[in-house]
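In what follows, a structure is listed as structure tokens, so that the remarks can point back to it.
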Amino acid sequence: MKTIVLGPDDTDQAAAFIRAGELVAFPTETVYGLGANALDAQAVSSIFAAKGRPQDNPLIVHCASEEQVLSLVGEVDPEARQLMKRFWPGPLTLVLPRTEVIPAVVSAGLDTVAVRVPDHPIARRLIESAGLPIAAPSANLSGRPSPTSAQHVLTDLDGRIKAVLDGGETGWGVESTVVDCTTRPFRLLRPGGATLEELQAVTDVVVDPGVYGELQPGSRPRSPGMKYRHYAPRAQVILVEGEDAGERIVSLGRELVSQGRKVGVMAPTEHLARYQEFITLPMGSLQHLQQISASLYRLLRQADDLGLEVLLVEGITEVGLGMAIMNRLRRAAGHHVHQGG
Ligand code: TXA
Ligand code: MG
């Protein structure tokens, strides 16, 4: 199969593919999604095959409006309705009770379903034109960094999917925040564009320990996606945190270079001067965390294009969007983190 590249005005064509049971990648405000008709179990199954995604990792259903969401799920708590009002359209996914309208394969057999209303004109037009909810994980091969451009989608999935709608680069660059609204208090399962602080201003939300990689051995994670290594480039990622991170990155980098390894350093733009002797990947400014989130996955892919063997990353403070950024970096590092003084 040759993957067709569609432009921003081709949403009707893309919607026809979706209605015909085909897979179409499309931009959202977070990352590109790989969409299929959420009501068609066979189309949804082909998402797992195209991505090489484990069968037990459930998908997010994308809708054009809150009303469409409410037509697909069971009873919704009033405080979950408040979250919808505050954050939709936008980078927040809510886990709600599933009804039999949604095929079990979408939720990997769970009795809940994750839903969101994306804030991207192309995504909205696609869903409206299809007249269907669209199930979509991030449009990467399983285990690779999520795609923030149509080119990233093609790098991973060219020939495996019907089409990609090219809408340029995505704005947030990290995936949506996932909140489980079927338990009390609500649980943050994945940090993302909607910050914990913003959520807590609306209702009580606790952070699931799985967010920090603290899964009890043998226990079943609430968000199955959390147990997989993810977001990983081929280079070994070492995340360096703490006040003397700069000095430690330089000494670690020199040691690795002396062993003949190809080393890159990814750091906030303000701190790049420290690392002149290495290949540097500028993350964006600490004053504008969305610059950092928007460039994160592109830089992880770039590390591969540069043939880096080791990528040393300077950690940032975990407030606001910093929580999502650090969560992705920890997972890219396989939770191997250098903690300093
Ligand atoms: O921003 C995003 O959310 C992007 C764009 C395309 O919308 N999508 C995305 O999908 O990141 P994916 O499949 O890569 O991540 C979905 C996450 C996984 O961690 C999955 O385990 C979790 O949501 N999830 C989905 N359904 C769930 C459910 N019923 N209960 C708990 N977690 C669920
Ligand atoms: Mg993903």
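Computed from a predicted model, the values in this text were never measured in an experiment. Indexing begins at 1, ligand by ligand and atom by atom, following the structure's order.
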field: F17 and its side-chain contact (heavy atoms from CB on, under 4.5 Å) partner, picked from I161, I4, L165
entry: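 Of I161, I4, L165, side-chain contact (heavy atoms from CB on, under 4.5 Å) with F17 is met by I4 alone.
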- request: State whether S138 contributes an N/O/S atom found under 2.8 Å from the Mg ion (ligand 2).
  value: yes
message: Less than 4.0 Å is my threshold; does some heavy atom of R98 fall inside it relative to ligand 1?
response: no
With a 4.0 Å heavy-atom cut-off (strictly under), which part of [X] contacts ligand 1: side chain, backbone, both or neither?
{"X": "T30", "result": "side chain"}
{"X": "P137", "result": "both"}
{"X": "L59", "result": "backbone"}
{"X": "K51", "result": "neither"}

State the atoms of ligand 1, each with its element, that fall below the 4.0 Å cut-off from a heavy-atom position in [X].
{"X": "I60", "result": "3 (O), 8 (N), 9 (C), 10 (O), 16 (C)"}
{"X": "L110", "result": "28 (C), 29 (N), 30 (N)"}
{"X": "T112", "result": "28 (C), 29 (N), 30 (N)"}
{"X": "H62", "result": "5 (C), 6 (C), 7 (O)"}
{"X": "G33", "result": "6 (C)"}

message: Do I134 and V61 make a side-chain contact, defined as non-hydrogen atoms from C-beta onward lying under 4.5 Å apart?
response: no
message: So which atom in G167 and which in I122 form the shortest heavy-atom distance, rounded to 0.1 Å?
response: CA-CD1, 3.6 Å
message: Do the side chains of E29 and R116 get close enough for a salt bridge, i.e. N-O under 4.0 angstrom?
response: yes
field: N140, D156, T155 screened by side-chain hydrogen bond (donor to acceptor under 3.5 Å, both in side chains) with R301, the one that passes
entry: D156
field: Side-chain donor-acceptor contact under 3.5 Å, E175 with S146
entry: yes
task: For T195 and E198, test the side chains for any donor-to-acceptor distance below 3.5 angstrom and give the result as yes or no.
output: yes
query: Between the main-chain N or O of V178 and the side-chain N or O of T93, is there a donor-acceptor pair closer than 3.5 Å?
result: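 Checking the backbone N and O of V178 against the side chain of T93, no donor-acceptor pair under 3.5 Å is found.
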query: Which option, G35, S176, P58, G192, owns the non-hydrogen atom nearest atom 33 (C) of ligand 1?
result: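 Comparing heavy atoms across G35, S176, P58, G192, the nearest one to atom 33 (C) of ligand 1 lies in P58.
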